[in-house]
Number of protein chains: 2
Amino acid sequence: MTSAPNWLSDEEQRTWRAYLHATRLLEDHLDRQLQRDAGMPHIYYGLLVQLSQAPRRRMRMTELAKNSKITRSRLSHAVTRLEKNGWVRREDCPSDKRGQLAILTDAGYEVLERTAPGHVAAVRQAMFDRLSPVQVDQLGEIMRVMAQGLQPTDAKADLPWLR
Amino acid sequence: MTSAPNWLSDEEQRTWRAYLHATRLLEDHLDRQLQRDAGMPHIYYGLLVQLSQAPRRRMRMTELAKNSKITRSRLSHAVTRLEKNGWVRREDCPSDKRGQLAILTDAGYEVLERTAPGHVAAVRQAMFDRLSPVQVDQLGEIMRVMAQGLQPTDAKADLPWLR
DNA sequence: CCGACCTAGTTCAACTTTCAAGAAGTGTCC
DNA sequence: GGACACTTCTTGAAAGTTGAACTAGGTCGG
C-alpha cells in the first residue's frame with residue numbers, strides 16, 4: 001500500500017467490470033423475482049432455505065448469520081420481519097440462556113414449497129442454462145477460492161504471537 | 001414453469017452456494033473498505049469512477065444509471081448525497097431540457113486520487129492475486145455471458161410483431 | 001465466588017434502497 | 001398546433017441495512 005499503485009491491466013479491468021455488472025444484474029433480478037413471487041427479498045428467502053435444511057428446521061441465530069454471510073444485526077431485523085409474516089418464530093435456546101433459535105413454521109415451509117420451483121428456474125435461466133458444464137466447474141472453483149480469501153478469519157488464530 | 005421442478009444437482013448447488021458466499025463477502029468487504037477510506041459505499045464510489053472517465057467528467061443521469069446498472073431513482077438519491085459531500089454537482093443539459101448532467105467536481109476527483117490505490121489493492125487482494133491468469137480469463141468470459149443474459153432487453157426490440 | 005472479559009442477541013439512529021407517483025419536456029401523427 | 005404517448009428525472013414513504021451501544025448470560029483465572 002506504500003508502493004506505487006499497482007493498477008489493473010486492461011484485461012483485468014474488463015473482467016472486473018463484467019463481474020460487477022453480472023453480479024449486480026443477477027442480484028437485482030432475483031430480488032425482484034422473489035419479491036414478486038414470494039413477498040420477500042432474496043436474502044430473506046435464503047434464510048428460510050437454510051432453516052428448511054437444518055435439523056428440526058431450527059438454528060441458532062449466530063449460526064444462521066454465519067451460514068448466510070450476514071451480520072447478526074441484519075439477521076435480527078430480518079427474523080423480526082419474517083416473524084411478522086408468520087414464516088419464522090423465535091424460541092429460547094434451552095442450553096444457553098443468551099441464545100435464540102429461529103424456527104421455520106409450517107407456513108414458512110409452505111411458502112418455500114410453493115415458490116422454490118420458480119426460483120430455481122430463475123437461477124437456472126440466469127446461470128446454469130447459459131454456461132457449459134466446464135464453465136460451471138470453473139465458476140465453482142473460482143468462487144470457492146475467492147470466498148476462502150474473504151473468510152473473516154479469527155484474528156487470534158492468525159496472530160498467535162499476540163496470545 | 002408448469003413442468004416438474006428441475007432441481008439443481010449437488011454440484012450445481014455447491015457452485016451456487018459458493019457464488020452467493022463469494023459475491024456477498026466481496027461486496028461487504030469492499031463496502032467496508034470504501035466506507036472507511038473514502039466515506040462512501042462501493043456503488044457511490046463506482047459512480048465517481050464512471051464520471052472521472054467520461055469526457056469533461058460529466059454524464060447524463062440516465063446514461064450513468066445504465067452504465068452502473070442501477071435505477072434512475074437510486075441514482076437520483078445517490079447524486080443528491082454526493083452533491084452534499086461536494087464531490088458531484090448537477091447542471092442542466094443544454095440540448096434536452098428534461099436532462100441533467102452529473103459532473104465530478106475537483107474535490108470529487110481528489111477523493112478518487114487519494115483512495116483509488118487502496119481500493120485497487122483491495123480488489124487485487126480479493127480476486128486477482130488469488131486467481132491464476134487462466135482463471136481470470138474464465139471468470140471474465142463467464143461473467144460476460146451471464147451479464148448478457150440478464151441485460152434488460154427492450155421489449156419492443158424483442159417483440160417486433162407488437163409494433 | 002469474584003472480577004475481568006468474552007459471546008449472543010437486540011435496539012437505536014442514520015443512511016440507503018425501492019416502488020409508485022408525479023412534474024416537466026420531447027416526438028409524432030394527423 | 002394539439003392530442004397522445006413516451007422519456008427524463010425527482011420525490012416521498014416504506015422497507016431494509018449499518019455500526020455502535022447496550023443488556024444479559026457465560027467463562028476462566030485466581
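So you know, we letter chains A, B, ... as the sequences are listed, proteins then strands, and number each from 1. Since we're looking at a predicted model, the values are computed, not measured.
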Side chain to side chain contact (heavy atoms under 4.5 Å, CB included) against Arg74(B), all qualifying residues, sequence neighbours excluded
Ile43(B), Ile70(B), Thr71(B)
Using atom [atom1] of [X] as one end and atom [atom2] of [N] as the other, report the distance to the nearest whole Å.
X: Met59(A); N: dA8(C); atom1: CE; atom2: P; answer: 15 Å
X: His42(A); N: dT17(C); atom1: NE2; atom2: P; answer: 19 Å
X: Arg36(A); N: dA20(C); atom1: CZ; atom2: C1'; answer: 17 Å
X: Asp92(B); N: dA24(C); atom1: CG; atom2: C1'; answer: 12 Å
X: Leu64(B); N: dT8(D); atom1: CG; atom2: C1'; answer: 14 Å
X: Glu63(A); N: dT7(C); atom1: CD; atom2: C1'; answer: 15 Å
X: Lys84(B); N: dA14(C); atom1: NZ; atom2: C1'; answer: 12 Å
X: Leu101(B); N: dC9(D); atom1: CG; atom2: C1'; answer: 12 Å

Which pairs, with at least one residue in residues 29-46 of chain B and sequence neighbours excluded, count as a side chain to side chain donor-acceptor pair (under 3.5 Å)?
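Residue pairs passing side chain to side chain donor-acceptor pair (under 3.5 Å), neighbours aside: Glu27(B)-His42(B), Gln33(B)-Asp37(B), Gln33(B)-His119(B).
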According to a strict under-4.0 Å criterion, is Arg98(A) in side-chain N/O contact with OP1 or OP2 of dT10(C)?
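It does not, given that no N or O in the side chain of Arg98(A) lies less than 4.0 Å from OP1 or OP2 of dT10(C).
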Treat primed atoms plus P, OP1 and OP2 as sugar-phosphate and everything else as base, then score nucleotides 10-19 of chain D 5' to 3': B for base contact with protein heavy atoms under 4.0 Å, S for sugar-phosphate contact only, - for none.
BBB---SBBB
Distance-only check: which donor-acceptor pairs under 3.5 Å involve side-chain atoms of residues 107-114 of chain A, not counting sequence neighbours?
none

Check side-chain hydrogen bond (donor to acceptor under 3.5 Å, both in side chains) between Glu83(B) and all other residues, then give those that pass, not counting sequence neighbours.
Arg90(B)
Return the set of residues passing side-chain hydrogen bond (donor to acceptor under 3.5 Å, both in side chains) with Gln100(B) (not counting sequence neighbours), or none when no residue passes.
none
Does the pair Glu141(A)/Arg144(A) count as a salt bridge with the N-to-O cut at 4.0 Å?
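So Glu141(A) pairs with Arg144(A) through a salt bridge.
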